[in-house]
Each structure stands twice: as C-alpha cells, then as structure tokens.
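Counting starts at 1 for both ligands and their atoms, following the listed order. What you are looking at is a predicted structure, and each value in this text was computed from that prediction instead of being measured.
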Amino acid sequence: MRADGTSSLRDWLRSDLSASEVPWLAASVTTLFQSGPPGSKITLAVVGDGFGPRDQEVYNTAVDRMLTNGVFDHDFFREHRAAFNLERVNLVSMESGVGTKAYDADGNMVQQIDRDTALGVYYNGDWAHCWTEDGPSTAARLASALSELVPEHTLVMVVLNSPGRDGCGGNWRATVPLGMSWQTVAHEFGHAMGALGDEYHQENKTFGGTEPEEPNLTAKTDRETLKWGWAVRAGTPLPTGGDDYTPPKPSDWNDSQHVGLFEGGHGAYRLGVYRPVVNCRMRSNDPPFCPVCARVMETVLAKHRDAAPVSGTGLGETTTPLPESAGTGYVRLVVRLEQGVLRVLEAREFDGPFVETGLVTQGFAHEVRIGDRRVALGSLPDAGISRGFSEIGTDGPREHVVHRPDAFDFVVRVASAELRGADLSQLTVDLVSVGAGRGDALGEVPLREDPALDVTPIASLADLSLADLPMSLRRIVEPE
Ligand SMILES: [Zn+2]
C-alpha cells in the first residue's frame, strides 16, 4: 500500500465521490521511523492541511523540526522512541494556507475566509475556540485518508500551513500550526499519553478541591502519604518552596530532577496544590519530565517500547513475551459514545501482534467482555477532551481551555481469536470513569464493579443483536 498509496486512495475515493470532489490533489505516506509492527507500537500519523504542491517541503521540514528532530530527538522521548512508529502523510491541497475564522469578544464569528484545502481545518487564533477548529467535512476527510494510508494508528497530529503559535488537542489528536515548538508538542504528549496535570499556575487562586487525580499534583503535604514520596530525599523539607526552593537551596539541587513539594500548579492555583519539582516539562515545556512524570510515562510506554522490534524478515527478538494471541491477528474496533450511548462504528482486522498495556489509570477506561471473559481492557487518558494550548508568552504558559464534548470515538483492540465464532449476544463494552485509584492488580470482576477502583459507569453496550453491529464486525465473527 505504501508504494501505490496515492493512486489506490484516489481510486477508492472515486468509488464514493466524483473526481471533482476528491479533496486533495495527491496523497502519499512516508514512514519516518518504524520500531515494530503497528499494533504493538504507538503509531503517530502526521497529516498536513493547506500545503499546496509547492509547499510540501515546508510541511516535511516542519514535521522534522517538531517530531523527528524535535520530540523524538530529545531526552525522554528519544529514550523511548522504540515505543513509537512515525508516519508522515502528505496530502497535497488545492490551495496554499488554511481557512481562517475570527470571533468578537462575545464569541460571535465576525469573519470567515475559506480555503480549498485537503482537510478544511480553520485557524481562528481564539483562546475560547481552541485556536483551531474543524470544518464540516474535516473528520470524514481525515478518516478517509487515514483509513487508506495509515489504518492502524494511535495518535494523529494535523499540521496547518498557518504561522500561528497555538493549537488544539484531545481525543488522540493534536492540531498545530507552523509556529508550534517541539517542546510544546512534548508537553501535550504528557497530557495525551500520561494524563499528567499542568505544573504551572497562572492565577493567584487557592486550590480548594479534594486530592487531584493527576499523578503529578497533590493537595497533601504529609511525607508518609505523599504519592511521590519514593522520589523525595530524606533531608528535603516538605513543603520545599513555591516557584523556587525556599532558601538556602542545596548547591547540587537540580530544578527539574530533584523532587520535593513545591506549591502552585494545576493551571490556575498558586496556593493549596503542589507539584514535584521547581520546573518540569509539564510546567514550562523546555525542561525534561521530572522523575514523577517520567515514571508515569514510562509505565504507559514500557510494553510498547519492549515489544518485538522490526527485523528483515518480520518479527525480531522479543524482550517482552507477547500475549498468546500475538501473531494470529487482532481486530481494531472504533467505538463511539454519543448522547450517553455506545455504538461500534467499524471493525477492521490486522495481521501481527498487538500490545495492550492493561493499565487503568485515572480518567476514562474501557473493558470488552464476552460472557465472563475479559478480552480487552485499557485506559483512554485523552478521550473526550478538547484542550487548547499555546506557545509560552512573556508572562508564562497560558491556561488550557478545556471542553468536554459529549460525543467522541475511541479505539479498542481485541485478539481475532477471541472474536472468531464468538456469541455476540454475550459481548459487552463498558466505558467508565476511574478516580485516582490505580488498577495495578485488577481482579476478574468486571471493571465497572471493581471495588478496588473508584469507578463511575459512563455507558455500556450489552444485550446485542447482530443487527446492532456493523457488517465489518459480523464478517470477522462469522466468516463464510
Ligand atoms: Zn512533572
């Protein structure tokens, strides 16, 4: 598919659209690096919008600057590059630059300039509107391109041909203009993959909530129960300071790597909430992750990093045993939550191994069962969120504007062997919200009933009839 992706995509689109409606002039995909079979890695698909025939080098250079030579060539993500595959999709837009919208102070749109681009994304430069926004057919066009060119992907980054410095993230996708630095992208990956909290504070508010769920924020000051107590040296006073170590600061103190309890964080709060270090990537983007954030990210990525690398003939040595089902293939299900109802949108079968971390951290999590058997389980730290983010200005990072859309899609992977011939009336899909409790040792009870976790059921799909399921899934379960 790689070699002839361009033509097959256009042929495929023509089956549905007339030639004049194909939204791009050409499409191709380039593997920038591949660490292993797509199902076993976190595959990041990068797609450009508003890059015309003469702009492709500008796009390629931006992808290299932000990712290949940016995020994946520095500290934590360089060390964990083996957890990722990076695929660059070149969609050639009819016009150069993306459309723009402008809003007045009351949030009314006062100007809209359209451009005929591959994805039809707009840059609005407005904090309250997540800086960028999709056009009416953006989601469908993006899905079409990815379905053909990078069907197995975990994360999507859309790069806009716009000079702006602000972007919008959430739900496994980030949309960024050309003015975005790799450091800010790396900070956003901390939210998207690790559900890390912001360690900066913009306002002088006092935090009055209960213990924050984020693993790198706390409202507690007791050494015995501190959630990152493992990282604090015995002689370090708690609390340790505010914006900096309360003097006298030890001469060997490293502001991003030596851990204590520093007041201020969670975006807005100068008082009443604490972070682990003076300055972490989750505070000002530039430094590496602090040890507390790095450990969370490490936990999330370890299985992907250690899974079978690619070798000349297929799978190479494995450093982590792959599940029994590895090699027999798996099914990638796209599930949609809409108005409180879950629906399986599509199913697609892939060869090769897949890796499921089996981790349940705070935020959304999903479980798929067939009868009494659990066949899929995982966290969805970036689901159901829309998060605006900015390059740091002269007065520090700007607080994220967060929306929680009531409809979103998420991906579930299930071993083909589990689904083949299964009784689909016994299939259940649960979406839950998990509090701070971690499911390191999950029992056999359904996730939604697990007493060890602070679980709130969100939606459930059960008592299915075949007619409720897409034909793509029925064909996999009951092959002719
Ligand atoms: Zn941190």
Cation-pi check for [Y] against [X]: NZ or CZ below 6.0 Å from the six-membered ring centre and within 45 degrees of the axis, yes or no?
| X | Y | result |
| --- | --- | --- |
| Arg413 | Phe354 | no |
| Arg78 | Phe72 | no |
| Arg295 | Trp230 | yes |

> Considering only the SG atoms, does Cys130 lie under 2.5 Å from Cys168?
Replying inline: yes
>> The criterion is side-chain hydrogen bond (donor to acceptor under 3.5 Å, both in side chains); which residues satisfy it with Asp222, sequence neighbours excluded?
In response: Thr225
>> Just to be careful: counting only protein atoms that are N, O or S, how many fall under 2.8 Å of the Zn ion (ligand 1)?
In response: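 Protein heteroatoms (N, O, S) closer than 2.8 Å to the Zn ion (ligand 1) number 4.
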> Is the distance between the ring centroids of Phe207 and His266 less than 6.0 Å?
Replying inline: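 Judged by ring-centre distance (under 6.0 Å), Phe207 and His266 do meet the cut-off.
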